[in-house]
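To find a chain, count down the sequence lines: A is the first, B the second, and so on, and within it residues start at 1.
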Amino acid sequence: SQQGEEDPQALSIQEGENATMNCSYKTSINNLQWYRQNSGRGLVHLILIRSNEREKHSGRLRVTLDTSKKSSSLLITASRAADTASYFCVNSGGSNYKLTFGKGTLLTVNP
Amino acid sequence: NAGVTQTPKFQVLKTGQSMTLQCAQDMNHEYMSWYRQDPGMGLRLIHYSVGAGITDQGEVPNGYNVSRSTTEDFPLRLLSAAPSQTSVYFCASSSGPHTATEAFFGQGTRLTVV
């Protein structure tokens with residue numbers, strides 16, 4: 001299956017701490033994206049990392065990609081209560097049009 | 001900028017009724033898609049379009065029809081609603097394939113079929 005598996009399924013931390021979420025796939029990784037979904041709302045694109053990249057930064061976000069292990073991680077530094085959301089990694093391997101979503105990691109940042 | 005606009009935000013249907021979920025984008029994007037999200041799940045692709053007049057099926061197309069007569073609009077039609085279609089529906093658009101470019105999502109339509 002192209003569906004990713006996020007780990008952990010749920011994560012609860014205190015404001016100011018770092019949050020790390022992992023994602024793994026059984027199939028090859030092409031472009032891998034991370035999206036955030038606040039409760040009951042639409043998804044917001046966070047970052048895209050291409051298969052020839054190993055690490056990418058965007059503000060407080062750091063994404064790594066290991067194509068040999070078919071895995072990626074998202075690090076959010078100095079977390080804030082507003083970071084509370086579900087985070088999805090999305091693989092696009094093997095398709096030009098279809099985004100394949102995992103079940104996501106539910107991050108709760110406690111003030 | 002409006003981005004991707006979905007209407008209605010909430011809808012309750014009776015089994016067997018039909019309806020159209022509207023999606024409009026003002027970013028001149030060629031690529032548009034419809035997804036459904038069930039509790040505790042990621043999104044699953046229903047139908048997608050790579051330009052006006054061009055549509056194709058996604059992962060879960062049964063019970064849904066789409067058309068793309070303009071670049072801006074991509075309506076999703078439920079032909080005969082069933083309780084299994086109770087879900088939250090999201091429309092997305094992007095300037096290139098969703099797999100290679102940032103996709104912009106609407107705020108969703110929460111549909112309940114009773």
Side-chain angles (χ1 to χ4, degrees), chain A residues 1-10 21 23-25 27-53 56 58 61 63 65 72 85-107, chain B residues 2-7 9-10 23 25 27 29-51 54-61 66 68 74 87-111:
Chain A
S1 165
Q2 291 185 356
Q3 186 176 29
E5 295 180 6
E6 288 95 345
D7 173 57
Q9 292 186 3
M21 289 159 269
C23 168
S24 61
Y25 278 87
T27 60
S28 62
I29 291 177
N30 189 1
N31 298 319
L32 191 133
Q33 304 182 60
W34 286 87
Y35 281 82
R36 183 188 75 221
Q37 184 180 34
N38 292 89
S39 178
R41 298 178 67 84
L43 282 77
V44 175
H45 183 266
L46 295 176
I47 198 164
L48 181 152
I49 185 165
R50 303 191 188 282
S51 58
N52 62 351
E53 298 177 309
K56 201 163 184 179
S58 177
L61 306 181
V63 169
L65 180 63
S72 175
S86 290
Y87 291 82
F88 296 90
C89 69
V90 188
N91 185 22
S92 60
S95 170
N96 283 329
Y97 310 115
K98 178 185 172 184
L99 295 178
T100 304
F101 288 81
K103 295 182 180 180
T105 292
L106 176 59
L107 172 66
Chain B
V4 179
T5 302
Q6 289 183 237
T7 56
K9 288 185 171 54
F10 301 93
C23 176
Q25 52 93 6
M27 297 172 282
H29 286 168
E30 292 294 327
Y31 294 79
M32 296 185 75
S33 299
W34 276 102
Y35 292 84
R36 61 176 287 173
Q37 184 177 31
D38 298 305
M41 302 287 289
L43 278 66
R44 291 184 292 169
L45 180 64
I46 305 172
H47 285 284
Y48 64 93
S49 170
V50 300
I54 307 169
T55 65
D56 206 344
Q57 296 182 350
E59 183 181 358
V60 289
V66 292
R68 185 96 179 271
F74 190 42
S87 189
V88 183
Y89 292 84
F90 291 98
C91 177
S93 76
S94 60
S95 58
H98 288 343
T99 52
T101 55
E102 176 183 358
F104 293 82
F105 284 80
Q107 291 301 298
T109 295
R110 188 173 295 273
L111 176 67

- Item | Choice from B:Ala103, B:Gly58, B:Gly106 maximising heavy atom contacts with chain A below 4.5 Å | B:Ala103
- Item | Minimum-distance pair of heavy atoms, taken over all atoms of B:Glu102 and A:Gln33 | CA-OE1, 4.4 Å
- Query: For atom CD of B:Glu59, is the number of surrounding heavy atoms from other residues, nucleotides or ligands below 6.0 Å larger than 12?
  - Reply: yes
- Cut-off 4.5 Å, heavy atoms of chain A, and the answer for B:Val50 is side chain
- Message: Could you measure the distance from the CZ atom of B:Phe105 to the NE2 atom of A:His45? Nearest 0.5 Å is fine.
- Response: 9.5 Å
- Ranking B:Gln37, B:Arg110, B:Arg44 by heavy-atom pairs under 4.5 Å to chain A gives rank one to B:Gln37
- Message: For A:Gln9, which atoms come within 4.5 Å of any heavy atom of chain B: side chain, backbone, both, or neither?
- Response: neither
- Note on the structure: Between the OH atom in A:Tyr35 and the CG atom in B:Leu43, the distance rounded to the nearest 0.5 Å is 10.0 Å
- Item | Toward chain A, the part of B:Phe104 with a non-hydrogen atom under 4.5 Å | neither
- Heavy-atom distances under 4.5 Å only: say whether A:Leu43 touches chain B with side chain, backbone, both or neither. both
- Task: Let me know if B:Ser94 has heavy atoms under 4.5 Å from chain A in its side chain, its backbone, both or neither.
- Result: neither
